[in-house]
**Student:** 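The following block contains the structure, expressed as structure tokens.
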Amino acid sequence: MQILTYVCRSLQAQRFCPRLPHVHGLRASSTASPVGLTRFGNSSFLAPPSQPRLSSPVINSRLFRTLAAASYPDEHRPADFSVARSTKSTVGLRSTIPGARMASTQASENPFSSLITDLPKPDGGSYGKFYSLVKLNDPRVDSLPYSIRYLLEAAIRNCDNFQVTKEDVEKIVDWEKTAPKQVEIPFKPARVILQDFTGVPAVVDLAAMRDAITRLGGDPDRINPLVPVDLVIDHSVQVDVARSANALQANMELEFSRNKERFGFLKWGATAFKNMLVVPPGSGIVHQVNLEYLARVVFNSNGILYPDTLVGTDSHTTMIDGLGVAGWGVGGIEAEAAMLGQPMSMVLPGVVGFKLNGKLRTGVTATDLVLTVTQILRKFGVVGKFVEFYGKGMSELTLADRATIANMSPEYGATMGFFPVDRVSLDYLKMTGRDEKKVEEIEAYLRANNLFIDHEKPRKDNTYSAYLELDLDTVEPCISGPKRPHDRVAIKDMKQDWQSCLDNKVGFKGFAIPKDQQEKVAKFTYEGKPAELRHGSVVIAAITSCTNTSNPSVMLGAGLVAKKATELGLEVKPWVKTSLAPGSGVVTKYLEKSGLNKYLDKQGFSLVGYGCTTCIGNSGDVHEAVAEAIAANDVVAAAVLSGNRNFEGRVHPLTRANYLASPPLVVAYAFAGTVNIDFEKDPIGVGKDGKNVFLRDIWPSNQEVAEVVATSVLPEMFQETYQTITQGNTMWNGLDVPAGAQYAWDPNSTYVHEPPFFKTMSKDPPGGMSVKDAFCLLNFGDSITTDHISPAGNINKDSPAAKYLMDRGVERKDFNSYGSRRGNDEIMVRGTFANIRIVNKFLKGEVGPKTVHVPTQEKMFIYDAAMKYKEEGHDTIILAGAEYGSGSSRDWAAKGPYLQGVKAVIAKSFERIHRSNLVGMGLIPLCFKEGEDAETLGLTGFERYTIEMPPLKDIKPGMDIRVKTDNNKEFMCVLRFDTQVELTYFSHGGILQYVLRQLLNK
């Protein structure tokens, strides 16, 4: 039984306690203070305040201070990428931004300069100097969570009483008292990281901003990244070819043929913009490359040491938190502002302390652990919070295990899942080929600045907003699905759970298959041989995603499962689309070193590419015969993948059931051919001796896995891989790169198109907007994800985006994916809400990307309805349930609705990054009052809505806003502009418009 300990401290309970459902075995911690506790059953909770405030650590550019007066030197970067690196020198802010001198005159010398301390080397000399937290001599600092100390160090180091004030520093020092008050602080990350799906639109926006600033009379060279920017191209490769020895080369050739234009654009960006590094396609997955290569852990800039921190345009940026680097995902819009030197504004978050005890039992993987943690934290409620792991059990986890847990922070809702640096972290740096002298410097700095955990020394636990505790030996093998990452199912319960899913009404855990149809067999012919599918048949089995492919234990474990099964005579059915897509070339090296790659190859898990592939929906087509059998017989087909997301419609349009599992279990389910199985009782196949083979017969012990890891994973593999990565590849190096500071837009391009966001922009801000007599474009229920709003996968042949492409001579085979075409606003606005599994209440049960045009009652594509409303001069709004915008960080999930004419979204709750992206595009996010939603208020969506926004000067963050309908209903909502800076973005029409005007006017 899992033992989950929890206690809420201080007023932070207002966000956690009221929403925590019952968890079996929950007990109150003996360390809890009894003051203010309310008892519910066997658990103790702090009584929430009478009016809890809806807020989250919103990451945005800071309003009250202009651009930084200090430069961000391009130091201590990994080896130069000769084909994708600007030849221009890195220029500090004073020299790149005219008018920065005026900003610097308003700043003062750092008031904390007395904290600067020399860090001596053991053998003489100095590593450099640093701002010492110890020298603050403040006992409050000693009990701060490590994650908050990173924010404190950044504030102290950047304090100039202009961009960052002494008051800001004091807020962080006094975190235990100030965090419950939702105070705002500035944060300046050390760097920004991008992937190509979100990176292309970011570079497109930067190019468009250069055009706009030129049109308004400014200097285009003002638009340049002022912090190091790393962009890894990993989202473009698709599994077109699988189960083939030449799959890697074939898929890469197809990737380049489809994406040559956008790859050329990114290569232009690497040369046109200063301080930008582009990692070529075919190199790996951004978060694994970050973990194994890009991460600095500690910077040393001009003799000043400071922690490596970052924000990224991918929600799984949090993977780096497993290495003790503080990083999280933000919207592309916000990342662009950070690149341009804007300090970022965030609400000082609460921190949940998650204590780990014991160690995992044999046969239990890091994937089983992360799915368990995800379920626990999602039930607990950590949206907008940091989660910090600690305890003796932490020292029992490998760095790769920690990275797996940190990676899935978005799935459990936290901003970060942070593991402070300890001896395991340093050993990982050495194992991955980092320079030993650099590792010594990292350790010396972190120990000296009280940012290092030594598990061998007695220490007092930090203070946290709330506490959780998990005994690792209670974790059991599991998977998650069929439609959400936090719907964990123990392997022993899977068969029963699957039967329940068939019976249950359509929902997150239901398909509503009539009893008499549940045993239906779909017979078909596959390559001349008879084949059959049933509900639950596995048609995709993918070892994919940085979540797991960065972990040698589970990857080599998958190889051992394949080896044992092959030796017993098992074979994966040929119609199961199997694939292996690791996050770096290191995986290939250690699989080959172990000799296990040949067993994976034999069972169809051939190397298909180095990229995200199936995890983000780039799974490619299943065999035509399989697709026809599924469609003709309405089979609930299954995909099993080692990814981090399984939302409906994401993995593949034809797999309604999608399960997240460890790589060894992916292989096991491929052999079984179905998810309708109890691995403890049912055989997964028949061996060559005619005997049944069970999972236990092919499952490796922890000792077996550890032995093969020890002999197969070597530091030189990492060094060789990343020396090669800097050289690019033949196809990348052969790309022609256009020259010039401003991009030469091709009006006929269907990949890269000049966006309309700045074309009509004036020098003066327009002020806030009102919403009057708006029609409801869409009426949603709960858990509408960014995959629903802005899908990344295949472009359906009957969609408005497909029509646009075909009208321009693009053949269906060349459609590529929505994600690959994010540089073209014409495609993306048509792809907004184009997910074929989207459920809109207007359609009364019908699933798909259509809606009702209210004035005519005509059913049409959502894009067509939106354009019709715009032509008629009508505003539109969206009604939604809880967790609106959950899932991947996608700026187009906000840009798309903006271009469709949506003015506001009224929801029960928002995912953190998506709400921030809506604000960044100038849309109004509103939350229904607690206990209310569209249904309780009797709203059908056929009404017209007026949002009574007060004059701009009277708007306050989090204030109540009245909404009226044309049938005399009225209700109050909470305005989810969470900071004053967001109100200013609203007045400018968006964050980038604000930044552009600041650059223009300075």
**Student:** Are Met319 and Cys546 packed together at the side-chain level, in the sense that at least one heavy-atom pair is separated by less than 4.5 angstrom?
**Tutor:** yes
**Student:** Answer yes or no: is there a side-chain heavy-atom contact under 4.5 Å between Cys973 and Ile906?
**Tutor:** yes
**Student:** Test of understanding: with ring pair (Phe, Tyr, Trp, His ring centres under 6.0 Å), list the residues that count as partners of Phe780, not counting sequence neighbours.
**Tutor:** Phe833
**Student:** Work out which heavy atom in Val192 is nearest to a heavy atom in Ala338; give both atom names and the distance.
**Tutor:** CG2-CB, 4.2 Å
**Student:** Donor-acceptor pair, Gln900 side chain versus Val829 backbone, under 3.5 Å?
**Tutor:** yes
**Student:** Which atoms form the tightest heavy-atom contact between Gly199 and Leu231, and what is the distance?
**Tutor:** CA-CD1, 3.9 Å
**Student:** How are the rings of Phe977 and Phe986 set relative to one another: parallel (under 30°), tilted (30 to 60°) or perpendicular (over 60°)?
**Tutor:** tilted
**Student:** Do Thr374 and Glu411 get their side chains close enough for a donor-acceptor pair, meaning under 3.5 Å?
**Tutor:** no
**Student:** Residues two or more places apart in sequence or in another chain: which of them pass side chain to side chain donor-acceptor pair (under 3.5 Å) with Glu336?
**Tutor:** none
**Student:** Applying side-chain contact (heavy atoms from CB on, under 4.5 Å) to Lys385 and Thr415, what does each step give before you reach the verdict?
**Tutor:** CA-CA 6 Å; Lys385 311 302 174 189; Thr415 304; over 6 Å; no
**Student:** Just how far is it from atom CG of Leu310 to atom CG of Asn290, taken to the nearest 0.5 Å?
**Tutor:** 6.0 Å
**Student:** Would you kindly say whether Arg645 and Thr786 are connected by a side-chain donor-acceptor distance under 3.5 Å?
**Tutor:** no
**Student:** Taking the six-membered ring for Trp, are Trp268 and Phe263 ring centroids under 6.0 Å apart?
**Tutor:** no
**Student:** Apply side-chain contact (heavy atoms from CB on, under 4.5 Å) to residues Ile193 and Thr317 and explain how you reach the verdict.
**Tutor:** CA-CA 8 Å; Ile193 196 164; Thr317 299; 4.2 Å; yes
**Student:** Please answer whether the main-chain N or O of Arg997 pairs with a side-chain N or O of Asn1001 as donor and acceptor at a distance below 3.5 Å.
**Tutor:** yes
**Student:** Say you draw a straight line from CG of Leu996 to CD1 of Ile991; how long is it, rounded to the nearest 0.5 Å?
**Tutor:** 12.5 Å
**Student:** Mind running side-chain contact (heavy atoms from CB on, under 4.5 Å) on Leu926 and Ile961 for me, showing each step along the way?
**Tutor:** CA-CA 8 Å; Leu926 295 170; Ile961 296 292; 4.2 Å; yes
**Student:** To the nearest 0.5 Å, how far apart are OG in Ser783 and CZ in Phe647?
**Tutor:** 7.5 Å
**Student:** Which residue, Asp787, Asp314, Thr785, forms the side chain to side chain donor-acceptor pair (under 3.5 Å) with Arg890?
**Tutor:** Asp787
**Student:** Are Arg915 and Glu911 within salt-bridge range, i.e. N to O under 4.0 Å?
**Tutor:** no
**Student:** Test your reading of the model: is there a side-chain donor-acceptor pair from Asn824 to the backbone of Met828, 3.5 Å cut-off?
**Tutor:** no
**Student:** With Arg821 as the cation and Tyr751 as the aromatic partner, state whether NZ or CZ is under 6.0 Å from the six-membered ring centre and within 45° of the axis.
**Tutor:** yes
**Student:** Look at the side chain of Asn158 and the backbone N and O of Ala155, then say whether any donor-acceptor pair between them is shorter than 3.5 Å.
**Tutor:** no
**Student:** Which heavy-atom pair separates Pro220 from Arg210 by the least distance, and what is that distance?
**Tutor:** O-NE, 3.3 Å
**Student:** Check whether any side-chain heavy atom of Leu952 sits under 4.5 Å from a side-chain heavy atom of Leu983, and report yes or no.
**Tutor:** no
**Student:** Compare every heavy atom of Ala295 with every heavy atom of Arg191, then report the nearest pair and how far apart it is.
**Tutor:** NH2-CA, 3.5 Å
**Student:** Indicate the atoms forming the closest heavy-atom contact of Ala406 with Gly322, along with that distance.
**Tutor:** CB-N, 3.5 Å
**Student:** Could Arg378 and Tyr412 be counted as a cation-pi pair, given that NZ or CZ must be under 6.0 Å from the ring centre and within 45° of the axis?
**Tutor:** no
**Student:** Please check this pair: side chain of Tyr150 against backbone of Gly324, looking for a donor-acceptor N/O pair closer than 3.5 Å.
**Tutor:** yes
**Student:** Does Glu153 come within less than 4.0 Å of Arg157, counting only side-chain N to carboxylate O?
**Tutor:** yes
**Student:** By the definition salt bridge (charged side-chain N to carboxylate O under 4.0 Å, His left out), identify the one residue from Arg822, Arg262, Lys267 that meets it with Asp196.
**Tutor:** Arg262
**Student:** Rounded to the nearest 0.5 Å, what separation is found between the CG atom of Leu992 and the NE2 atom of His988?
**Tutor:** 12.5 Å
**Student:** Quick one: do the Asp168 and Thr165 side chains pair a donor with an acceptor below 3.5 Å?
**Tutor:** yes
**Student:** With side chains defined as the heavy atoms from C-beta onward, is the minimum distance between Met949 and Val771 less than 4.5 Å?
**Tutor:** no
**Student:** Is the closest side-chain donor-acceptor distance between Asn224 and Asn275 under 3.5 Å?
**Tutor:** no
**Student:** Are a donor atom and an acceptor atom from the side chains of Ser301 and Tyr306 found within less than 3.5 Å of each other?
**Tutor:** yes
**Student:** Does a donor on one side chain and an acceptor on the other come within less than 3.5 Å for Ser147 and Glu388?
**Tutor:** yes
**Student:** Just by distance, do the side chain of Arg296 and the backbone of Leu294 share a donor-acceptor pair under 3.5 Å?
**Tutor:** yes
**Student:** Please test Tyr146 against Phe418 for ring-ring contact (aromatic ring centres under 6.0 Å, His included), starting from the C-alpha separation and ending with a verdict.
**Tutor:** CA-CA 9 Å; Tyr146 285 92; Phe418 189 72; 7.8 Å; no
**Student:** Side chains of Lys903 and Ile924: does their closest heavy-atom pair fall under 4.5 Å?
**Tutor:** no
**Student:** So how far is it from Ser817 OG to Ile827 CD1, rounded to the nearest 0.5 Å?
**Tutor:** 11.0 Å
**Student:** Is any side-chain heavy atom of Leu340 less than 4.5 Å from a side-chain heavy atom of Arg222?
**Tutor:** no
**Student:** I'd like to know if the side chain of Gln195 reaches the main chain of Phe197, judged simply by a donor and an acceptor atom lying under 3.5 Å from each other, with no hydrogens or angles considered.
**Tutor:** yes
**Student:** Should Lys895 and Asp205 count as an ion pair when the cut-off is N to O under 4.0 Å?
**Tutor:** yes
**Student:** Is any side-chain heavy atom of Glu982 less than 4.5 Å from a side-chain heavy atom of Leu975?
**Tutor:** no
**Student:** Do the side chains of Pro897 and Val905 get nearer than 4.5 Å, heavy atoms only?
**Tutor:** no
**Student:** Return yes if some donor-acceptor pair links the side-chain N/O of Thr876 with the main-chain N/O of Gly901 below 3.5 Å, else return no.
**Tutor:** yes
**Student:** Closer than 3.5 angstrom, by distance alone: can the side chain of Asp308 be matched with the main-chain N or O of Val297 as a donor-acceptor pair?
**Tutor:** yes
**Student:** Would a distance-only check, ignoring hydrogens and angles, find a side-chain to backbone donor-acceptor pair under 3.5 Å from Thr178 to Lys171?
**Tutor:** yes
**Student:** Do the two ring centres, one from Trp328 and one from Phe187, sit under 6.0 Å apart?
**Tutor:** yes
**Student:** So, His788 and Asn835: side-chain donor and acceptor under 3.5 Å apart, yes or no?
**Tutor:** no
**Student:** May I have the step-by-step check of side-chain contact (heavy atoms from CB on, under 4.5 Å) for Phe757 and Met921, ending in yes or no?
**Tutor:** CA-CA 9 Å; Phe757 308 124; Met921 288 307 300; 3.8 Å; yes
**Student:** Rounded to the nearest 0.5 Å, what separation is found between the NE2 atom of His235 and the OG1 atom of Thr198?
**Tutor:** 6.5 Å
**Student:** Could you pull out the closest heavy-atom pair between Ala207 and Trp745, with the gap in Å?
**Tutor:** CB-CZ2, 3.8 Å
